[in-house]
Amino acid sequence: MSGERLYIYDTTLRDGQQTQGVQFSTPEKQQIAAVLDELGVDYIEGGWPGANPTDSEFFEARPQLGARFTAFGMTKRAGRSAENDDVLAAVMNAGTGAVCLVGKTHDFHVETALGITLAENTENISRSVEYLVAQGREALFDAEHFFDGYKANPAYALEAVRAAYEAGARWIVLCDTNGGTLPGEIGEITRAVIEAGIPGSHLGIHTHNDTESAVAGSLAAIDAGARQIQGTLNGLGERCGNANLTTLIPTLLLKEPYASRYETGISRDALTGLVRASRQLDDILNRVPFRQAPYVGASAFAHKAGLHASAILKDPSTYEHIDPGLVGNERIIPMSNQAGQSNLRRRLSEAGLTVDKGDPALARILDIIKQREAEGYTYDSAQASFELLARKELGQMPEFFEVKRYKVTVERRKNKYDRMISLSEAVVVVKVDGEKKLSVSESLDETGNDRGPVNALAKALSKDLGRYSEPLADMRLVDFKVRITQGGTEAVTRVIIDSEDGQGRRWSTVGVSPNIVDASFEALLDAINWKLLREGRH
């Protein structure tokens with residue numbers, strides 16, 4: 001190794017599950033664990049066995065991992081031995097090689113929340129860790145509320161973590177449980193812990209994002225000497241979330257002084273899968289990825305201003321702190337009515353279209369964009385629609401099929417259970433290879449729930465497109481955004497559709513009309529045409 005080792009500890013499956021609205025099933029936990037393992041994290045915390053049926057089931061059917069699979073629990077209760085504590089027994093029975101126990105280190109919480117003496121709490125910590133070590137487990141101690149505890153009573157906070165270390169804990173993890181400690185304080189207190197006798201090689205950091213500084217706090221702890229970093233994928237976690245590993249990992253691997261000074265278990269090759277890992281988690285949660293997320297967001301390397309795009313053409317490092325390909329992302333030059341020809345040429349080049357500087361088509365395309373954006377379109381967030389528009393103007397857009405007409409009906413009626421239900425039906429007539437084809441689809445999914453008129457349209461449109469149906473089989477709509485761009489009787493509806501395919505490609509298209517269904521259909525047509533273009537079916 002060229003540098004000192006840092007260890008990445010992921011708690012997405014436990015602390016990340018504390019996010020409001022998040023509840024992983026066992027198959028979802030298995031899928032996420034596989035993603036994390038492929039990435040190369042050192043520890044994967046699976047949950048709290050015995051705390052709920054899902055976590056217990058997951059530990060019974062745990063996946064085979066290269067990472068250190070870890071069970072989470074709490075220290076024994078006062079008045080019981082570690083051997084006879086049923087909560088601790090459930091964690092031990094999970095059979096993992098590593099066990100992380102949380103314990104109180106803030107005197108206020110010990111005396112108020114637990115209602116025991118400080119000495120009793122210290123004893124609980126010591127005996128619990130000793131028991132883990134005696135059973136051959138790697139012991140980790142999460143020092144809950146440590147930073148608040150240290151500020152209130154440094155002597156006791158140090159006594160509590162020293163008890164765990166002296167009992168044989170491999171890692172003492174300093175937790176900023178309430179998320180209110182700022183990075184400067186985290187650095188100072190971490191150094192104080194090391195000076196008090198706990199070596200940095202045995203110290204971890206666990207921060208929360210309540211001041212939007214969880215990543216900065218984690219880096220401050222590393223700077224001070226801590227060598228384990230805990231966090232979650234996409235920053236999931238209670239309240240404002242945990243330290244975001246999709247930000248921390250590339251920072252440690254790519255930014256100085258960390259890149260030269262430290263080694264992690266994550267390779268440069270694995271790092272290129274970071275965007276895919278981030279979006280897989282969002283897909284499991286049925287969430288729209290945060291476009292402005294550092295490193296992995298769709299807008300993380302988007303350059304809108306014409307001045308920026310002109311410089312990017314000459315050297316990407318002028319406005320990019322890293323090569324986006326290093327994390328599996330890509331550069332985007334959005335198109336809008338603020339764009340100049342530098343933006344346009346760059347964006348066309350990325351779409352595989354070479355247009356010489358000064359070509360009259362550039363001015364025509366810009367004029368069309370400005371006119372259409374005045375009508376309510378936006379190409380800033382609909383790159384696929386922009387590409388199709390440009391190709392049409394350049395004479396490089398094939399006509400795969402022609403829509404002759406379409407109709408959508410929406411019905412609201414009672415079903416056989418005397419409950420009111422809605423149902424949409426779409427009829428689409430297309431002309432493919434000189435042949436007219438009529439398709440009809442309903443909006444009901446496989447469970448009998450109504451998915452709405454746009455879903456019915458999408459199903460009908462892709463149902464029979466002749467030789468073009470097969471390449472559309474893996475395409476799906478993942479997000480649907482509607483905005484009214486003008487008010488009153490002149491209201492115009494803008495619809496943006498995000499689509500995805502089995503190859504992990506994601507693209508956005510836009511449609512505008514006073515009629516929401518018509519706007520949706522326009523965006524849907526663009527989405528299908530872009531997919532067919534990418535499949536080379538022209």
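Residues: numbered from 1 along the sequence shown.
A donor-acceptor contact shorter than 3.5 Å is absent between the side chain of Gln17 and the backbone of Arg14. Within the 3.5 Å criterion, the main-chain N or O of Glu111 finds no donor-acceptor partner in the side chain of Asp107. Without hydrogens or angle criteria, Arg279 side chain to Pro289 main chain gives no donor-acceptor distance under 3.5 Å. Checked by atom type and distance alone, the side chain of Ser25 pairs as donor or acceptor with a backbone atom of Glu28 at under 3.5 Å. Judged by distance alone, with hydrogens and angles left aside, the side-chain atoms of Asp37 form no donor-acceptor pair with the main-chain N or O of Leu65 at under 3.5 Å. A donor-acceptor contact shorter than 3.5 Å is absent between the side chain of Asp479 and the backbone of Asp498. A distance-only check finds no donor-acceptor pair linking the side chain of Asp474 to the backbone of Asp501 [under 3.5 Å]. Listed for the Ser213 side chain is no donor-acceptor partner under 3.5 Å among the backbone atoms of Ala216. Between the side chain of Glu185 and the backbone N or O of Leu182, at least one donor-acceptor pair lies under 3.5 Å. Judged by distance alone, the side chain of Thr211 and the main-chain N or O of Gly180 form no donor-acceptor pair under 3.5 Å.
Note on Glu4 versus Arg261: no salt bridge recorded, every NZ/NE/NH1/NH2 to OD/OE distance being 4.0 Å or above. With respect to the salt-bridge test (charged N to carboxylate O, under 4.0 angstrom), the residues Glu57 and Lys29 do not qualify. By the 4.0 Å N-to-carboxylate-O rule, Glu500 lies close enough to Arg476 to be salt-bridged with it. Here Arg276 pairs with Glu38 in a salt bridge; the nearest charged N to carboxylate O distance falls below 4.0 Å. Ion pairing of Arg127 with Glu130 is present here, as a side-chain N (NZ or NE/NH1/NH2) and a carboxylate O approach within less than 4.0 Å. The pair Arg80-Asp86 counts as a salt bridge, with a side-chain nitrogen and a carboxylate oxygen less than 4.0 angstrom apart. Taking 4.0 Å as the cut-off between side-chain N and carboxylate O, Asp85 and Arg77 count as a salt-bridged pair.
No close placement of the Tyr150 and His145 rings is indicated, their centers lying 6.0 Å or farther apart.
Taking each heavy atom of Gly95 and Arg62 in turn, the nearest pair found is O-NH2, 3.3 Å. Residues Met475 and Ser499 share a closest heavy-atom pair of CE-OG, 4.0 Å. Between Val110 and Leu114, the closest heavy-atom pair is O-CB, 3.2 Å. Heavy-atom minimum distance, Ala139 versus Val133: CB-CG2, 4.1 Å. Ala384 and Trp507 make their closest contact through CB-CD1, 3.8 Å (heavy atoms, listed as atom of the first residue, atom of the second, distance). Contact record, Val41 with Ile44: CG2-CG1, 3.6 Å, taken as the closest heavy-atom pair.
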Stepwise, does the side chain to side chain donor-acceptor pair (under 3.5 Å) test hold for Glu387 with Trp530? CA-CA 8 Å; Glu387 181 184 337; Trp530 189 92; 3.1 Å; yes
What do the steps show when you test Tyr156 against Thr122 for side chain to side chain donor-acceptor pair (under 3.5 Å), and what is the final call? CA-CA 9 Å; Tyr156 183 71; Thr122 304; 3.1 Å; yes
With side chain to side chain donor-acceptor pair (under 3.5 Å) as the test, would you mind laying out the steps for Glu60 and Ser56 before giving the verdict? CA-CA 6 Å; Glu60 289 173 5; Ser56 297; 5.9 Å; no
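Scanning for side chain to side chain contact (heavy atoms under 4.5 Å, CB included) contacts around Ala224 gives Thr190, Arg191, with sequence neighbours left out. Taking the ring-ring contact (aromatic ring centres under 6.0 Å, His included) definition, one finds that Phe59 meets it with Phe69, sequence neighbours left out. Taking the side chain to side chain contact (heavy atoms under 4.5 Å, CB included) definition, one finds that Pro199 meets it with Tyr165, Ser201, His202, sequence neighbours left out.
With respect to Tyr9, the ring pair (Phe, Tyr, Trp, His ring centres under 6.0 Å) criterion is satisfied by exactly one of Trp171, Phe72, Tyr43: Tyr43. Just one of Asn329, Asn234, Thr246 meets the side chain to side chain donor-acceptor pair (under 3.5 Å) condition when paired with Ser278; it is Asn234. Here the rule is side-chain contact (heavy atoms from CB on, under 4.5 Å) with Leu174, and of Asp142, Thr207, Val193 only Val193 fits it.
Applying the 6.0 Å contact sphere to CD of Glu330 captures no more than 12 heavy atoms from other residues, nucleotides or ligands. Atom CZ of Arg505 has more than 12 neighbouring heavy atoms from other residues, nucleotides or ligands inside a 6.0 Å radius. Around the CD atom of Glu256, the shell of radius 6.0 Å holds more than 12 heavy atoms that belong to other residues, nucleotides or ligands.
Interatomic distance, CD1 of Ile229 versus CG of Asp42, reported as 8.5 Å (0.5 Å rounding). Atom CG of Leu271 and atom CG of Asp269 lie 9.5 Å apart (nearest 0.5 Å). The distance from atom CD1 of Ile125 to atom OG1 of Thr75, rounded to the nearest 0.5 Å, is 6.0 Å. Annotation: the span from Thr105 atom OG1 to Asp148 atom CG amounts to 9.0 Å, rounded to 0.5 Å. Atom CG of Asn124 sits about 10.0 Å away from atom CE of Met74, to the nearest 0.5 Å. Rounded to the nearest 0.5 Å, atoms OG1 (Thr232) and CD (Glu238) are 12.0 Å apart.
No side-chain N or O of Thr177 forms a donor-acceptor pair with one of Glu144 less than 3.5 Å apart. No hydrogens or angles considered: nothing links the side chains of Thr26 and Gln30 as a donor-acceptor pair under 3.5 Å. With no hydrogens or angles considered, a side-chain donor-acceptor pair links Asp176 and Thr181 at under 3.5 Å. In summary, the side chains of Lys104 and Asn121 do not present any donor paired with an acceptor at a separation below 3.5 Å, with no hydrogens or angles considered. Side-chain atoms of Tyr295 and Asn244 include no donor-acceptor pair closer than 3.5 Å. Checking Ser81 against Tyr131 by side-chain atom types alone, no donor-acceptor pair falls below 3.5 Å. Glu123 and Ser126 share no side-chain donor-acceptor pair at under 3.5 Å.
Classification of the His106-His109 ring pair by plane angle, with boundaries at 30° and 60°, yields tilted.
For the pair Arg5 and Tyr7, the cation-pi criterion (under 6.0 Å, within 45° of the ring axis) is fulfilled.
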